[in-house]
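Everything below concerns the one structure shown next.
By convention in this document, chain letters (A, B, ...) are assigned in the order of the sequence lines, proteins followed by strands, and residues within each chain are numbered from 1. The figures here come from the full heavy-atom set of this structure, side chains too, leaving out hydrogens, waters and symmetry mates.
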Number of protein chains: 2
Amino acid sequence: MVKMKDVALKAEVSQATVSRVINGSTYVEPYTRQKVLDVIEELGYKVNSAAKALSSKKSSVIAVILPDISNPYFAEILNVIENEAYQSGYKVIFMNSQGNEHKEKKLIDNILKYKPLGVVLSPLDDEENYSKKLIENKIPVVTMGKLSQNFSGVSINHKVGGELLAKHFVSLGHEKIGYIGNKDDKFKGFKDGLASLNVNLKDENCIDFYNYSSINIKEAVYSSLEKYLKKHKKFDFTAIFTGNDIVAMEVINFFRDKGIKVPEDIAVAGFDNISFTSYLSITTVAQPVREIAFLAFERLMMEAKSGNKEIKHIEILPRLIPRDSTVKFFK
Amino acid sequence: MVKMKDVALKAEVSQATVSRVINGSTYVEPYTRQKVLDVIEELGYKVNSAAKALSSKKSSVIAVILPDISNPYFAEILNVIENEAYQSGYKVIFMNSQGNEHKEKKLIDNILKYKPLGVVLSPLDDEENYSKKLIENKIPVVTMGKLSQNFSGVSINHKVGGELLAKHFVSLGHEKIGYIGNKDDKFKGFKDGLASLNVNLKDENCIDFYNYSSINIKEAVYSSLEKYLKKHKKFDFTAIFTGNDIVAMEVINFFRDKGIKVPEDIAVAGFDNISFTSYLSITTVAQPVREIAFLAFERLMMEAKSGNKEIKHIEILPRLIPRDSTVKFFK
DNA sequence: ATGAAAGCGCTAACAG
DNA sequence: CTGTTAGCGCTTTCAT
């Protein structure tokens with residue numbers, strides 16, 4: 001492997017000079033500069049990132065930790081970040097926490113070895129899991145989707161998202177309503193929203209479902225729905241809000257299998273607005289995912305470069321996208 | 001940052017010994033070993049990957065280069081590889097070539113700096129783009145989806161995939177048939193398959209469409225379809241095969257917008273069998289994506305560890321999944 | 001079984 | 001403006 005020394009020798013300059021022209025850290029005589037550049041080209045020299053990182057004490061990798069890359073919502077985030085990183089000359093180490101807090105914790109442990117420039121994280125529930133080590137090691141972090149008290153973050157306001165759907169359902173005349181998902185902020189917004197419109201979301205109609213990973217999600221959704229049916233004989237609601245679009249799709253599938261018509265018998269709404277919901281015409285709440293990812297990246301860069309440690313939370317308002325799964329022929 | 005030297009000092013051993021217990025390279029007295037382990041725990045020591053890589057001349061990162069992470073087919077590949085890599089103690093640097101050969105080339109250039117253990121690549125069309133530098137630098141490579149003469153690879157047989165669909169269309173009684181996509185192996189298989197069944201695939205019904213990136217894919221599909229319409233007034237076929245599932249979805253959308261019924265007026269079939277096709281009941285050709293990714297990773301590991309340079313091509317047979325978009329009420 | 005020491009390829013004072 | 005030099009944190013002979 002050709003190294004800097006080889007370039008220096010052939011260009012008849014010192015290694016330091018080669019380093020200078022590569023990094024543009026200091027002014028180098030144009031002639032010398034060109035000569036070095038030529039030799040680099042000729043020899044096909046490539047810096048050794050490991051050596052560079054070790055010596056300069058900074059790396060050019062950004063770690064991206066996401067719960068489920070098979071969910072197009074997160075895939076889109078990775079898409080944006082990889083693209084931005086590429087344009088800024090950084091590399092992305094991608095890690096999939098798979099909705100598993102234990103794995104998330106190990107991933108963060110692991111990533112510390114690489115001393116990344118920063119990490120973009122779409123965290124699972126338990127803040128304890130990730131914050132401590134990251135803070136200790138002074139690694140800039142920006143979260144997406146959930147806001148953390150220790151780091152900057154970008155997210156839609158999930159409560160408002162839930163409220164939007166509550167209003168939508170009530171305006172459509174629904175009185176018996178269901179929910180399937182975990183009891184997060186959008187659930188709270190949904191429940192509170194309904195309450196403020198004098199509709200009670202019964203506990204028994206809130207089907208607990210916690211599953212970030214889309215592998216086996218069908219089985220998971222089907223089994224929790226079957227469990228509900230076993231207990232209550234029939235679905236005691238005319239509209240249901242699901243934790244995310246993938247779950248919505250599975251719920252619709254399940255209903256179809258059971259001969260339940262959507263939206264005539266039961267209306268279904270999802271969350272995220274992944275592109276596939278438009279093909280299926282599923283009502284959902286839009287998260288401007290590309291914007292979220294972009295802002296997160298931008299903020300991370302700012303903190304990494306300036307060393308600014310101020311915590312900034314950016315909140316974006318979600319938007320309701322009504323489609324056929326709640327209102328027939330909406331289109 | 002606590003380093004090996006700190007551990008060595010506190011454990012009252014040499015730095016070399018600490019290195020030994022961490023890497024298990026040589027036998028270390030159990031007592032000493034335990035003492036070192038305790039200190040590591042106590043101090044929260046983490047190796048510095050850069051230093052390790054520089055010193056040992058081997059890294060623990062695997063580069064994954066894919067054309068479009070927003071396409072669930074590729075997202076699934078990344079999912080599998082990240083997971084396998086994690087379990088084997090490796091990190092994944094992810095790069096999105098975005099269907100852009102120029103970017104793919106630059107990405108490969110870039111990745112060389114990191115001296116990755118290996119690269120898993122789903123290449124675009126031009127082999128020249130990627131093979132040379134990778135070979136020069138002796139980096140193990142396994143391709144997926146396309147087989148390269150210079151590297152090992154895993155792929156379904158695309159020709160057979162195209163033939164499968166040809167048979168399917170003909171058995172359904174179609175005689176006027178269309179194609180939208182780029183003219184790759186599956187196109188050849190499709191065309192030849194039709195020919196062998198005495199059906200001619202007219203050139204004018206082969207709509208050229210080259211677009212790996214799913215951003216703006218809607219516009220791209222719509223405009224090429226509009227262009228066809230402008231020229232021919234109406235669609236002169238009763239069945240169309242699309243390059244991949246995403247394109248199939250857009251085509252179906254387009255037809256719906258135009259009041260064309262699928263499959264009654266025109267049958268549509270895709271390629272890949274991404275999970276969303278099942279929700280939409282789109283006929284497609286299944287690529288066992290998880291298996292492909294797994295085999296590619298496995299093969300890469302083998303080559304990276306053993307230094308085995310033998311080129312092995314694994315070909316998997318695709319499977320037709322007939323659904324409602326070609327045969328109503330198939331389910 | 002363990003320690004000493006050289007060196008991986010690069011950056012960053014420092015000196016001139 | 002450019003060369004010299006001292007590390008960065010770790011692995012790996014080579015001794016003992």
Take the protein atom [atom1] of [X] and the nucleotide atom [atom2] of [N], then report the distance between them rounded to whole Å.
X: A/Glu29; N: D/dG3; atom1: CD; atom2: C1'; value: 15 Å
X: B/Tyr114; N: C/dC8; atom1: OH; atom2: P; value: 22 Å
X: B/Glu12; N: C/dA4; atom1: CD; atom2: C1'; value: 18 Å
X: B/Leu9; N: D/dG9; atom1: CG; atom2: C1'; value: 15 Å
X: A/Asn48; N: C/dC10; atom1: CG; atom2: P; value: 6 Å
X: A/Tyr31; N: D/dT2; atom1: OH; atom2: C1'; value: 15 Å
X: B/Gln34; N: C/dA1; atom1: CD; atom2: P; value: 18 Å
X: B/Lys115; N: D/dC10; atom1: NZ; atom2: P; value: 20 Å

Which nucleotide, D/dT2, D/dC10, C/dT2, lies nearest any side-chain atom of B/Lys3? D/dC10
Which one, C/dC10, C/dT2, C/dG3, comes nearest to the side chain of B/Thr26? C/dT2
Hey, does [Y] have a side-chain heavy atom less than 4.5 Å from the side chain of [X]?
X: B/Leu66; Y: B/Met144; answer: yes
X: A/Ile62; Y: A/Glu84; answer: no
X: B/Phe297; Y: B/Asn83; answer: no

Does A/Glu101 come within less than 4.0 Å of A/Lys105, counting only side-chain N to carboxylate O? no
Mark up nucleotides 11-16 of chain D, 5' to 3', with B wherever a protein heavy atom is under 4.0 angstrom from a base atom, S wherever such an atom reaches only the sugar-phosphate, and - elsewhere. BBB---
Distance only, no hydrogens: is a donor on one side chain within 3.5 Å (strictly under) of an acceptor on the other, for B/Asn96 and A/Asn79? yes
Whether B/Ser131 side chain and B/Glu127 backbone form a donor-acceptor pair below 3.5 Å: yes
Does a nitrogen or oxygen in the side chain of B/Ser14 sit under 4.0 Å from OP1 or OP2 of C/dA4? no
Starting at the 5' end of DNA chain C and moving along, which residue's nearest nucleotide shows up first, B/Lys57 or B/Arg33? B/Arg33
Does B/Lys103 qualify as a cation-pi partner of A/Tyr86, given the criterion of NZ or CZ under 6.0 Å from the six-membered ring centre and within 45 degrees of its axis? yes
